[in-house]
Amino acid sequence: MPGYGDSPPVEMAVTAQDRRTFLEHVFQELGMQRPVLVSPSMSGRFSLPFLLAHGDRLAGFVPIAPVGTKDYTAEQYRGVQTPTLILYGDRDTGLAPQALQNLQHLPVHRVAVLPGAGHACYLDKPEAFHQALLGFLRQLK
């Protein structure tokens, strides 16, 4: 992700609108039509602006304790009809509860909690993570 870890910063991704546009370009360059957007942690700064503006372009959304959920209102979340799997580890006591509190306003969602997993639940419990993800993907149209 631009500007995180060892990735160089991208000046064009400073505002929420910039990050949404960046993600639009990624999808366009990859030729993706109605992808399922999986969004762990810091990627929430990119995925949430995209979801709220263009959720209809996604077949599904899988937030994994993303950052930035408090930046939007319950009303904004209620306007999104994208099928969503809110996924997190039960040992993520920092970010996950806050993300869940905000994301539960999405009208078409279900929640999967991975027992014994922390913030990076996909690393802590990969088999349980993949089972939850594949179950969600199978239910999408």
When every non-hydrogen atom of Leu85 is compared with those of Pro63, the smallest separation belongs to O-CD, 3.1 Å
Using the rule that two of Ile, Leu, Val, Met, Phe, Trp, Tyr join whenever any of their side-chain heavy atoms come within less than 4.5 Å, decide whether Tyr122 and Phe136 are in one cluster.
-> yes
Going by atom types alone, do Asp18 and Thr21 pair a side-chain donor with an acceptor below 3.5 Å?
-> no
Looking only at non-hydrogen atoms, find the nearest pair between Tyr88 and Ala96 and report the distance.
-> CD1-CB, 3.5 Å
Is the shortest heavy-atom distance from the side chain of Val36 to the side chain of Leu58 under 4.5 Å?
-> no
Between Arg45 and Asp71, is a salt bridge (Lys or Arg N to Asp or Glu O under 4.0 Å) present by the stated rule, with each step listed?
-> CA-CA 10 Å; Arg45 293 275 182 223; Asp71 296 343; 2.6 Å; yes
Taking every heavy atom of Val38 against every heavy atom of Leu133, the minimum-distance pair comes out as CG2-CD1, 4.5 Å
Could you state the interatomic distance from CG (Leu48) to CD (Gln76), rounded to the nearest 0.5 Å?
-> 10.5 Å
Identify the two heavy atoms, one from Gly44 and one from Ser39, that lie closest to each other, and give their separation to 0.1 Å.
-> N-OG, 3.5 Å
Drop me the distance from Leu106's CG to Arg78's CZ, to the nearest 0.5 angstrom.
-> 10.5 Å
Should the heavy atoms of other residues, nucleotides or ligands under 6.0 Å from CD of Gln17 be counted, would the total exceed 12?
-> no
Take Gln104 and His109 through the test side chain to side chain donor-acceptor pair (under 3.5 Å) and record every step on the way to the result.
-> CA-CA 7 Å; Gln104 68 186 352; His109 80 272; 5.7 Å; no
Parallel, tilted or perpendicular, as decided by the 30° and 60° cut-offs, for the rings of His105 and Tyr77 | parallel
Could you give me the CA-CA distance, side-chain angles and deciding distance for Gln139 and Arg110, then say whether side chain to side chain donor-acceptor pair (under 3.5 Å) is met?
-> CA-CA 12 Å; Gln139 292 182 346; Arg110 66 184 228 213; 2.4 Å; yes
Quick one: CZ on Phe50 to CZ on Phe22, what's the gap to the nearest 0.5 Å?
-> 12.5 Å
Could you tell me which non-hydrogen atom of Thr84 sits nearest to which non-hydrogen atom of Thr82, and how far apart they are?
-> OG1-O, 2.9 Å
Looking at CZ of Phe61 and CG of Leu37, how far apart are the two atoms once the value is rounded to the nearest 0.5 Å?
-> 5.5 Å
Please say which of Met32, Gln33, Glu24 ends up in a side-chain contact (heavy atoms from CB on, under 4.5 Å) with Arg57.
-> Glu24
Val62, Val26: one ILVMFWY side-chain cluster at the under-4.5 Å cut-off?
-> no
Would you say Leu114 and Leu103 are hydrophobically clustered, going by side-chain heavy atoms of ILVMFWY under 4.5 Å?
-> no
How close do Ile64 and Cys121 get, heavy atom to heavy atom, and via which atoms?
-> CG2-SG, 3.6 Å
Donor-acceptor pair, side chain of Arg34 and main chain of Asp56, under 3.5 angstrom = yes
Is a side-chain donor or acceptor of Asp90 paired with a backbone partner of Val113 at a separation under 3.5 angstrom?
-> no
Honestly curious: do Phe129 and Met42 fall in one hydrophobic cluster under the side-chain, below-4.5 Å linking rule?
-> no
At what distance, to the nearest 0.5 angstrom, does NE2 of His119 lie from OG1 of Thr93?
-> 11.5 Å
Quick one: do Leu100 and Asn102 satisfy side-chain contact (heavy atoms from CB on, under 4.5 Å)? Show the steps, please.
-> CA-CA 5 Å; Leu100 176 62; Asn102 295 308; over 6 Å; no
Sub-3.5 Å donor-acceptor pair from the side chain of His130 to the main-chain atoms of Pro126, do we have one?
-> yes
